[in-house]
Amino acid sequence: MRKLIAGINMTLDGRFDHTAVDPDEEIHNHYSEQLKNADTALFGRITYQLMTYWQTLLQNPSGNKAMDDFALAIDGIQKIVFSKTLTHTGWHSASIAKQGLRDEVLALRQMPGRDILVSSRSIIVGLLNLNLIDELQLCIHPVAAGTGQMLFEDLNIRSKFALVNLKTFSGGAVLLCYQPLKPV
């Protein structure tokens with residue numbers, strides 16, 4: 001069965017606002033490698049629309065190798081978008097989910113392939129509530145945003161985790177990798 005890995009960038013004060021953090025070359029390289037080791041990424045509409053920024057770098061590379069490589073990696077992975085309002089994705093490697101979150105993920109996990117990545121807050125929380133995440137990766141950046149939505153704001157079950165890996169980036173960010181402990 002394919003592994004479902006949820007990962008998100010967040011601030012020291014628990015905010016997940018993508019505009020509050022500034023990933024450096026090392027972090028972009030980390031996520032590019034992660035995309036290359038997976039073959040499917042799940043997004044909610046809001047995060048997906050933010051990710052379409054990378055299409056502009058495909059057409060007009062920035063000259064920053066790490067960012068341009070990330071643009072190539074995100075372009076190459078199959079993207080499934082959970083949205084009630086989008087009618088098309090505008091990206092050749094993206095499609096809109098045909099089923100609800102639980103059924104879509106259960107079906108994807110049964111298909112052959114590599115890891116499935118999740119990087120939208122709403123999808124992460126939904127999958128945690130369904131006990132479907134195999135690994136949770138929190139990349140905590142050394143900044144306090146002060147405002148914005150909390151990552152686990154809508155979690156409706158008590159969840160416990162075991163730390164399975166830790167990676168420190170030279171710019172001060174820390175990647176914490178957890179395995180959810182299944183409820184008894």
Side-chain angles (χ1 to χ4, degrees), residues 4-36 38 41-58 60-75 77 79-86 89-91 94 101 115-129 133 135-156 159 161 163-180:
L4 188 66
I5 301 172
I8 199 160
N9 289 299
M10 59 188 296
T11 62
L12 281 172
D13 56 347
R15 313 297 174 158
F16 77 96
D17 182 354
H18 295 279
T19 63
V21 298
D22 188 21
D24 60 18
E25 180 177 316
E26 189 178 9
I27 291 172
H28 278 110
N29 289 337
H30 167 79
Y31 284 118
S32 291
E33 284 304 309
Q34 190 173 44
L35 287 165
K36 291 174 188 173
L42 309 179
F43 294 101
R45 180 192 54 83
I46 294 170
T47 304
Y48 174 74
Q49 289 177 319
L50 289 171
M51 297 306 276
T52 61
Y53 161 78
W54 298 101
Q55 289 179 302
T56 62
L57 293 186
L58 292 170
N60 298 303
S62 68
N64 177 314
K65 181 172 175 17
M67 289 181 65
D68 294 343
D69 287 350
F70 182 85
L72 288 169
I74 193 74
D75 184 55
I77 196 168
K79 291 164 278 303
I80 298 175
V81 184
F82 291 85
S83 174
K84 294 179 178 146
T85 58
L86 285 181
T89 64
W91 202 333
L101 182 61
D115 293 341
I116 302 167
L117 304 177
V118 184
S119 60
S120 293
R121 188 201 74 82
S122 61
I123 304 300
I124 291 171
V125 170
L127 291 170
L128 283 170
N129 283 332
I133 290 180
E135 186 174 310
L136 177 65
Q137 297 183 4
L138 303 176
C139 188
I140 302 173
H141 294 256
V143 62
T147 61
Q149 199 168 17
M150 301 294 285
L151 177 59
F152 298 114
E153 198 168 297
D154 300 319
L155 193 63
N156 63 23
S159 300
F161 303 86
L163 183 66
V164 294
N165 199 5
L166 167 71
K167 180 176 182 176
T168 304
F169 295 97
S170 59
V174 178
L175 182 71
L176 303 170
C177 300
Y178 292 98
Q179 264 184 349

Return a table of donor-acceptor pairs under 3.5 angstrom between the side chains of residues 42-51 and protein atoms on other chains or two or more places apart.
from: Arg45; atom 1: NH1; to: Gln49; atom 2: OE1; distance (Å): 2.7
from: Thr47; atom 1: OG1; to: Ser120; atom 2: OG; distance (Å): 3.2
from: Tyr48; atom 1: OH; to: Thr89; atom 2: O; distance (Å): 2.9

Under 3.5 Å, side-chain donor or acceptor atoms of residues 142-153 against the rest of the protein: list the pairs with distances, not counting sequence neighbours.
from: Gln149; atom 1: OE1; to: Arg121; atom 2: NE; distance (Å): 3.4
from: Glu153; atom 1: OE1; to: Met150; atom 2: N; distance (Å): 3.2

Solution key, residues 63-72 side-chain donor-acceptor pairs under 3.5 Å, sequence neighbours excluded:
from: Asn64; atom 1: OD1; to: Ala66; atom 2: N; distance (Å): 3.0
from: Asn64; atom 1: OD1; to: Met67; atom 2: N; distance (Å): 3.1
from: Lys65; atom 1: NZ; to: Asp69; atom 2: OD2; distance (Å): 2.7
from: Asp68; atom 1: OD1; to: Ser62; atom 2: N; distance (Å): 2.8
from: Asp68; atom 1: OD1; to: Ser62; atom 2: OG; distance (Å): 2.9
from: Asp68; atom 1: OD2; to: Ser62; atom 2: N; distance (Å): 3.4
from: Asp68; atom 1: OD2; to: Gly63; atom 2: N; distance (Å): 3.0

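In terms of the side chain to side chain contact (heavy atoms under 4.5 Å, CB included) criterion, residue partners of Gln55 (sequence neighbours excluded) are, by chain and number, Thr52, Trp91. Taking His141 as the reference, nothing meets the ring-ring contact (aromatic ring centres under 6.0 Å, His included) condition, with sequence neighbours excluded. With sequence neighbours left out, the ring-ring contact (aromatic ring centres under 6.0 Å, His included) criterion links Phe16 to no other residue. Remark: Phe82 engages no residue in a ring-ring contact (aromatic ring centres under 6.0 Å, His included) (not counting sequence neighbours). With sequence neighbours excluded, no residue satisfies salt bridge (Lys or Arg N to Asp or Glu O under 4.0 Å) with Lys167. Asn165 pairs by the side chain to side chain contact (heavy atoms under 4.5 Å, CB included) definition with Cys177, not counting sequence neighbours. Asp13 pairs by the salt bridge (Lys or Arg N to Asp or Glu O under 4.0 Å) definition with Arg15, not counting sequence neighbours. With sequence neighbours excluded, the residues forming a side chain to side chain contact (heavy atoms under 4.5 Å, CB included) with Leu12 are Ile140, listed by chain and number.
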Margin query: Working note: Ile133 + Val118, criterion side chain to side chain contact (heavy atoms under 4.5 Å, CB included); need CA distance, chi angles, decisive distance, verdict.
Written below: CA-CA 9 Å; Ile133 290 180; Val118 184; 5.9 Å; no
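Residue pairs that meet the salt bridge (charged side-chain N to carboxylate O under 4.0 Å, His left out) test with at least one member in residues 19-29, sequence neighbours left out, do not exist here.
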